[in-house]
Colleague: 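Below is a structure I'd like to ask you about.
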Amino acid sequence: VNDLHRHHVDDITIPSSRGPEFGVLKRVEDVFDCWFESGSMPYAYIHYPFENRELFEKNFPGNFVAEGLDQTRGWFYTLMVLSTALFGKPAFKNLICNGLVLAEDGKKMSKSKQNYPSPMEVIDEYGADALRLYLVNSPVVRAESLRFKRIGVFGVVKDVFLPWYNAYRFLVQNAKRLEVEGLTAFSPIDQASLRKSSNVLDHWIHSATESLVSFVHQEMDAYRLYTVVPYLVKYIDNLTNIYVRFNRKRLKGRTGEEDCKISLSTLYHALVTTCVAMAPFTPFFTEVLYQNLRKASSKSEQSIHFCSFPSTTGERDERVERSVTRMMTIIDLARNIRERHSKALKTPLKEMVVVHPDSEFLEDITGKLKEYVMEEMNVKTVTPCNDPMKYASLRAEPNFSVLGKRLGKDMGKVSNEVKKMTQEQILAFEQSGEISFLGHCLTLDDIKVVRQFKRPVDVSEKEIDAAGDGDVLVILDLRADQSLIEAGVAREVVNRIQKLRKTAQLEPTDLIDVYYESVDNSNTLEEILQSQDQYIRDVLGNSLVPKAAATSDMVVICEESHTVHDMSFVIYIARCMPVLAADLLSYASGNSDHVEALRVYLLSRSISRLKNEFQTGNGKITVRCIEGYPPIDLQLGKHVFLSAGDFYQANRS
């Protein structure tokens, strides 16, 4: 037989091997669909019912199957039909069905037309994890079509991986800084101890991480792959733009070593938990981060893929999560006012008033979160007000999208009644949550309450302005006085210094001295910078030094000219060097050669190692290595200073 088509084989007969009485063998006329054997897979692959009966009955039906939409009439169909006929139940508990990936123009991908980018090119450029996350976050995992766009993969890199990596890098940089500054090497504090932290954002990010893990658990149990990425993007945004951004001073050690380690440990555990939770989605990226993070903990598994999925402890603090959400609402409203009046965040403002009828809301904003609101919005004071009528008038508007279908032809009459509501009626409605008109009961979802700002008499919009969202109103005093102008100048100068550091490609751990020189020979800039010295030290970690106070051996790394508020000046970034006190000569028995030898010796030493030695010696070191001179004890802050900024600050004091 050379051809197996029907018209060649239908007439062939084969004698039965059991004997002539059994007749002959012929082709069976009925033909099974070729998907029949695939539909038999759940039991056929283990030879059920002839073998493995117990194994099959324990595991059938399967937890899930996954295939393309084109299998609706193929595999999915035969699985369901055969399982229903044989066992009276479906062959699977869950189905992950993917749609079709189309070219960017909506047409089918074609090798001949080359209307799609090479998958390997996309992976080489953006990484396999970015491509995977792009597809998981697309309609294709909901059995819908996807128009594949290369820029969409880049969007995942930009919105997910870069912010995520930046949070990780910020942790690593500041953990290394501890060693550079001669402090104890970073070792994460255990989570049980961290829960005793007094910082509200520590509790918030712990609760937010719990929420993320709980959400991933919940959605994966329900096989909803596509809901995880939007939640992750929101979490990463909160981690970088709220926790890291608002805690920069703590993470950089500006609030003390202990507080720094608490905040670094909190960030560490948040990153580790996030990486382990997301490892199934982004296996390569999370493994790279994990391999470095695990060095700080001796108990860690060798690979992130050996770690158990994080379990939820149920220790969410919904009050804290709600408080931070309220804080961000206030900050967004205040930003809107600033943008409307072209007031940059570097420009300090006198006062922010937060108006809300709920005392709990005001307590959230003016309690533990107050310092964050003041720093982020650069305002001197935050004033709470629970009297909504003091600064605003109320207006009620019907929610047409909700009421239209329900009220029908009564909509016009009810709408007029809603618009006529008095201030007292609106307040009572907000309190009770419902009101009736023409026999229709309306709730808070049916009526929008609009708060309109009542500007004080003889005050213009450019002086005081407001923005509202629902039942909250934020008012900013935009008027400037001399102290605010000086604070604004200091911020501008600090901003220029930070940008110059980046231009010089300095690492955050690089120690520097910063000098300035006024070009117009005015003392105004120096007076302003001296009055704002505490703010400058908080941000930069050191005072700014007038160029006139620089020593002759100053080593300039880079310099740049600037003009701020009509004041022209030059900024110099110089190598950080120890400075000897003027009275060291008398301390060294008047021997100027000994003092010069000490100066040369100290200049040859690493600042971070010197700092470590002074800390070990409780502020003192003994120099006994200079040939021809006796050992001499040097006291930090008296005989020697580790930066020009410290020396200048001590002399001013």
Colleague: Considering all heavy atoms of both residues, which atom of P42 and which atom of F60 are nearest to each other, and what is their separation?
Modeller: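 Of all heavy-atom pairs spanning P42 and F60, the closest is CB-CE1, 3.7 Å.
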Colleague: Does any N or O in the side chain of R496 come within less than 3.5 Å of the main-chain N or O of E560, such that one atom is a donor and the other an acceptor?
Modeller: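 Here the side-chain-to-backbone pair does not exist.
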Colleague: How are the rings of F87 and F56 set relative to one another: parallel (under 30°), tilted (30 to 60°) or perpendicular (over 60°)?
Modeller: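 The rings of F87 and F56 sit tilted, inter-plane angle from 30° to 60°.
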Colleague: Determine all donor-acceptor pairs shorter than 3.5 Å in which one atom belongs to a side chain in residues 271-287; sequence neighbours excluded.
Modeller:
from: T273; atom 1: OG1; to: H269; atom 2: O; distance (Å): 2.8
from: T274; atom 1: OG1; to: Y235; atom 2: OH; distance (Å): 3.4
from: T274; atom 1: OG1; to: A270; atom 2: O; distance (Å): 2.6
from: T282; atom 1: OG1; to: M278; atom 2: O; distance (Å): 3.2
from: T286; atom 1: OG1; to: T282; atom 2: O; distance (Å): 2.6
from: T286; atom 1: OG1; to: P283; atom 2: O; distance (Å): 3.4
from: E287; atom 1: OE1; to: S303; atom 2: OG; distance (Å): 3.2
from: E287; atom 1: OE1; to: I304; atom 2: N; distance (Å): 2.9
from: E287; atom 1: OE2; to: Q291; atom 2: NE2; distance (Å): 3.0
from: E287; atom 1: OE2; to: S303; atom 2: OG; distance (Å): 3.1

Colleague: Do T72 and Y77 pass the side-chain contact (heavy atoms from CB on, under 4.5 Å) test, and can you show the C-alpha distance, the side-chain angles, and the key distance before you say yes or no?
Modeller: CA-CA 6 Å; T72 304; Y77 174 75; over 6 Å; no
Colleague: Answer whether the closest heavy-atom distance between the side chains of R326 and V354 falls below 4.5 Å.
Modeller: no
Colleague: Test your reading of the model: is there a side-chain donor-acceptor pair from R340 to the backbone of R335, 3.5 Å cut-off?
Modeller: no
Colleague: Got a donor-acceptor contact below 3.5 angstrom from the W75 side chain to the E67 backbone?
Modeller: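 Such a contact is absent between W75 side chain and E67 backbone.
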Colleague: Show me the donor-acceptor pairs within less than 3.5 Å that the side chains of residues 94-107 make with the rest of the protein, sequence neighbours left out.
Modeller:
from: N94; atom 1: ND2; to: N63; atom 2: O; distance (Å): 3.1
from: D105; atom 1: OD1; to: K107; atom 2: N; distance (Å): 3.0

Colleague: Side chains of N378 and T347, heavy atoms from C-beta outward: is any pair under 4.5 Å?
Modeller: no
Colleague: Ignoring hydrogens and angles, write down the donor-acceptor pairs under 3.5 Å from the side chains of residues 143-156, residues two or more places apart or on other chains.
Modeller:
from: R150; atom 1: NE; to: E125; atom 2: OE1; distance (Å): 3.3
from: R150; atom 1: NH2; to: E125; atom 2: OE1; distance (Å): 2.8

Colleague: Which atom pair, heavy atoms only, marks the closest approach of F161 to D129?
Modeller: CZ-CB, 3.7 Å
Colleague: Passes side-chain contact (heavy atoms from CB on, under 4.5 Å), W204 versus E321? Steps please.
Modeller: CA-CA 6 Å; W204 169 75; E321 289 191 45; 4.2 Å; yes
Colleague: Between D332 and T329, does the side-chain hydrogen bond (donor to acceptor under 3.5 Å, both in side chains) criterion hold? Intermediate values first, please.
Modeller: CA-CA 5 Å; D332 287 341; T329 299; 5.9 Å; no
Colleague: Is E397 salt-bridged to R395, going by a charged N under 4.0 Å from an acidic O?
Modeller: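 The answer is yes: the pair qualifies as a salt bridge.
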Colleague: Give, for atom CG of L131 and atom CD1 of I123, the distance between the pair rounded to the nearest 0.5 Å.
Modeller: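 It is 5.5 Å, given to the nearest 0.5 Å.
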Colleague: Does R224 offer a backbone N or O that forms a donor-acceptor pair with the side chain of T227 under 3.5 Å?
Modeller: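 Yes, because the side chain of T227 sits within donor-acceptor range (under 3.5 Å) of the backbone of R224.
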Colleague: Partners of T503 by side chain to side chain donor-acceptor pair (under 3.5 Å), sequence neighbours excluded?
Modeller: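 None.
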Colleague: Of all residues at least two apart in sequence or in a different chain, which pass the side chain to side chain donor-acceptor pair (under 3.5 Å) check with S308?
Modeller: none
Colleague: Tell me whether K176 is salt-bridged to E507, with the criterion being a basic N under 4.0 Å from an acidic carboxylate O.
Modeller: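 No, this pair does not count.
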Colleague: Drop me the distance from S211's OG to I205's CD1, to the nearest 0.5 angstrom.
Modeller: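 It is 10.0 Å, given to the nearest 0.5 Å.
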Colleague: I'd like to check T266 versus N199 (side-chain heavy atoms, cut-off strictly below 4.5 Å). Are they in contact?
Modeller: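 Of all side-chain heavy-atom pairs linking N199 with T266, none is under 4.5 Å.
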Colleague: Ignoring hydrogens and geometry beyond distance, is a side-chain donor-acceptor pair present between Y43 and N52 at under 3.5 Å?
Modeller: no
Colleague: So, the side chain of D510 versus the backbone of L506: is there a donor-acceptor pair under 3.5 Å, distance only?
Modeller: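 Not confirmed, D510 side chain does not pair with L506 backbone.
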Colleague: Could you give me the CA-CA distance, side-chain angles and deciding distance for Y268 and F186, then say whether side-chain contact (heavy atoms from CB on, under 4.5 Å) is met?
Modeller: CA-CA 10 Å; Y268 173 87; F186 173 70; 4.1 Å; yes
Colleague: Are side-chain heavy atoms of C307 and Y290 found at a separation under 4.5 Å?
Modeller: yes
Colleague: Can a donor-acceptor pair be found, under 3.5 Å and without considering hydrogens, that links the side chain of N399 to the backbone of I447?
Modeller: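 No, because the side chain of N399 does not come within donor-acceptor range (under 3.5 Å) of the backbone of I447.
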Colleague: Classify the ring geometry between Y165 and Y168 as parallel (under 30°), tilted (30 to 60°) or perpendicular (over 60°).
Modeller: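 Rings of Y165 and Y168: tilted, as their planes differ by 30° to 60°.
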Colleague: D465 and H341: side-chain donor and acceptor closer than 3.5 Å?
Modeller: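 Indeed, the side chains of D465 and H341 share at least one donor-acceptor pair under 3.5 Å.
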Colleague: Enter the distance from M374:CE to I365:CD1 here, rounded to the nearest 0.5 Å.
Modeller: 13.5 Å
Colleague: Begin with the C-alpha distance, continue with both residues' side-chain angles, and end with the deciding distance and a verdict on side-chain hydrogen bond (donor to acceptor under 3.5 Å, both in side chains) for D202 and S197.
Modeller: CA-CA 7 Å; D202 288 349; S197 168; 2.8 Å; yes
Colleague: Hey, does the side chain of S214 reach the backbone of E210 with a donor-acceptor pair shorter than 3.5 angstrom?
Modeller: no
Colleague: Sub-3.5 Å donor-acceptor pair from the side chain of R322 to the main-chain atoms of F361, do we have one?
Modeller: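 Checked: no pair found.
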Colleague: With the side chain counted from C-beta on, respond yes when I331 and Y372 share a heavy-atom pair under 4.5 Å apart, and no when they do not.
Modeller: no
Colleague: For Q114, does the CD atom have more than 12 heavy-atom neighbours from other residues, nucleotides or ligands under 6.0 Å away?
Modeller: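 For Q114, atom CD is crowded (more than 12 foreign heavy atoms under 6.0 Å).
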Colleague: Verify, without hydrogens or angle tests, whether S138 (side chain) and L135 (backbone) share a donor-acceptor contact under 3.5 angstrom.
Modeller: yes
Colleague: Going by the rule side chain to side chain contact (heavy atoms under 4.5 Å, CB included), which residues pair with H7 if we only count those two or more places apart in sequence or in a different chain?
Modeller: H5
Colleague: Tell me, do M352 and I475 make a side-chain contact under 4.5 Å, heavy atoms counted?
Modeller: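 Side-chain contact under 4.5 Å: no.
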Colleague: Can you name the closest pair of heavy atoms from K108 and N115 and give their distance?
Modeller: O-ND2, 3.1 Å
Colleague: Using a 4.5 Å cut-off on heavy atoms from C-beta on, say whether the side chain of F170 contacts that of R248.
Modeller: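 Result yes, sub-4.5 Å side-chain heavy-atom pair found.
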Colleague: Counting C-beta onward and ignoring hydrogens, is there a side-chain heavy-atom pair between N174 and L178 closer than 4.5 Å?
Modeller: no
Colleague: Return the CD to CG distance between E339 and L345, rounded to the nearest 0.5 Å.
Modeller: 8.5 Å
Colleague: Test side-chain contact (heavy atoms from CB on, under 4.5 Å) on I571 and H562 and set out the steps.
Modeller: CA-CA 8 Å; I571 294 171; H562 293 284; 3.7 Å; yes
Colleague: How many angstroms lie between atom CG of L201 and atom CG of L267, to the nearest 0.5 angstrom?
Modeller: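 Here the interatomic distance stands at 12.0 Å.
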Colleague: Where is the tightest heavy-atom contact between P398 and L403, given as atom of each residue plus distance?
Modeller: CB-CD1, 4.0 Å
Colleague: What's the spacing between N247 CG and S263 OG if we round to 0.5 Å?
Modeller: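 Nearest 0.5 Å value for the CG-OG distance: 6.0 Å.
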Colleague: Is there a donor-acceptor pair under 3.5 Å between the side chain of R338 and the backbone N or O of A344?
Modeller: yes
Colleague: Does one side chain, of S323 or D364, offer a donor that lies under 3.5 Å from an acceptor on the other?
Modeller: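 Looking only at side-chain atoms, D364 and S323 do form a donor-acceptor pair, the distance falling under 3.5 Å.
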